[in-house]
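Report on the following structure.
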Number of protein chains: 2
Amino acid sequence: MCSRFATECRRRGVRLTEQRLAVYRALARDATHPTAETVYARLRVAMLGLSRASVYRILESLEMEGFSRRVSTTDGVGRFEANLANHQHLVCRYCGRITDFEADPGITLPKGVPGGFVPERLDVSIIGTCGKCRRRVGRHNA
Amino acid sequence: MCSRFATECRRRGVRLTEQRLAVYRALARDATHPTAETVYARLRVAMLGLSRASVYRILESLEMEGFSRRVSTTDGVGRFEANLANHQHLVCRYCGRITDFEADPGITLPKGVPGGFVPERLDVSIIGTCGKCRRRVGRHNA
DNA sequence: TTCAATGCAAATGATTTGCAAAACC
DNA sequence: GGTTTTGCAAATCATTTGCATTGAA
């Protein structure tokens, strides 16, 4: 799937550097919605010269170019994904873990919205408690 | 609606300070999903002693107590709301403005999800371009 | 009176930026 | 070869924390 990425970069005249390819591959093969720091930590093992700043810059440009997305979160730390297929996120409110979930086809973009807003895509998160945390925290505040 | 807040604080034994009340009122009367900094800037005009740290602490405790919520965003800056009714967000991908939108009642929590995850609520954002930005940016990257 | 909440300032954590050197086309 | 991207380090921005003081119950 990365040759597709390479081809597409060339087609658009976007420079294909070792770092860009590595960051894209890291995202594409990792469905855990890693943070920039996580991507950096994983890649630097094999790419000793890699800098944190480049990872941040690359993550931003990949998003601008439509190769990946920043996932919306509640905790303020950026999380990224290369999976652009229509899907939803299961978000654990205790540990913050984000898991992909097939999109409910019944959920569609609204037609009319106020103020000339043009809907383009949905971002659906299902907030809840993951299996691990359920066992750990049990029930309280009931 | 703030007397309700006051009553509820007393009932639960949560101390009702001038600052807490001010932050809660600021959120309750403002549907623009302000950041902590915005809340602070607005309140400090009338409450000269108010500190930024208290605003952050209060916003967190209001959330813990179920009086308000942190809205999930894509830009890493915390945004808050006191509107806990079931609703969705229209999010402009250019200016980041968030507007409330009535929830589609047809959208419901999924029954079965993998890994023992227990769904509790949905967080739906409709990403798009707001009227102002549409006029400003026009269409590109088509 | 007592304990939790506040204000201040310093610390932390995430992300961005300026600039010279290296890499891509 | 010319321009873009990188690495490094310093800067910035949002948020948190330690601690003495204040204030609500």
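Taking for each of A/G76 and B/S51 the nucleotide of DNA chain C with the nearest heavy atom, the 5'-most of the two is the partner of B/S51. In this structure, B/R79 and A/A53 both approach DNA chain D, and ranking their closest nucleotides by distance from the 5' end singles out A/A53. For the pair B/E37 and A/R20, both in contact range of DNA chain D, the more 5′-proximal nearest nucleotide belongs to A/R20.
Between the CG atom of A/L21 and the P atom of C/dA23 there is a distance of 16 Å, rounded to whole Å. Regarding A/Y40, its OH atom lies at a distance of 10 Å from the C1' atom of D/dC8, rounded to whole Å. If you measure from atom CG of A/L16 to atom C1' of D/dT6, you get 14 Å, rounded to the nearest angstrom. To the nearest angstrom, P of C/dA22 lies 16 Å from CE of A/M47. Whole-Å rounding puts the B/L50 CG to D/dT22 P distance at 17 Å. The nearest whole Å value for the distance from the CD atom in B/E18 to the P atom in D/dA25 is 12 Å. Distance A/I58 CD1 to D/dT5 P: 10 Å, rounded to the nearest Å. With rounding to whole Å, A/D75 atom CG is found 17 Å from D/dA14 atom P.
In this structure, B/L90 CG and B/I98 CD1 are separated by 10.0 Å, a value rounded to the nearest 0.5 Å. Atom CZ of A/R121 is separated from atom CD1 of B/I127 by 5.0 Å, given to the nearest 0.5 angstrom. Going from atom CZ of B/R10 over to atom CZ of B/F5 covers 10.5 Å, rounded to the nearest 0.5 Å. The CG atom of A/D123 lies 7.5 Å from the CG atom of B/D123; values are rounded to the nearest 0.5 Å.
Residue A/V77 places its side chain closer to C/dA14 than to any other of C/dA14, C/dA9, C/dT6. Nearest nucleotide to the side chain of A/T17, out of D/dT5, C/dC25, C/dT6: D/dT5. In this structure, of C/dC25, C/dT6, D/dT16, it is D/dT16 that holds the atom nearest to the side chain of B/Y56. Residue A/R70 places its side chain closer to C/dT15 than to any other of D/dT6, C/dT15, C/dC8. Which of D/dG7, C/dG7, D/dT17 sits closest to the side chain of B/Q19 comes down to C/dG7.
For D/dT4, its base sits under 3.5 Å from the side chain of A/R15 at one donor and acceptor pair at least. For A/R57 and D/dT5, a side-chain-to-base donor-acceptor distance below 3.5 Å is absent, hydrogens and geometry of angles not being considered.
For the salt bridge (charged side-chain N to carboxylate O under 4.0 Å, His left out) with A/D30, the lone residue among A/R25, A/R79, A/R42 that qualifies is A/R42.
Nucleic acid contact class of A/G78 (heavy atoms, under 4.0 Å, all strands): sugar-phosphate only.
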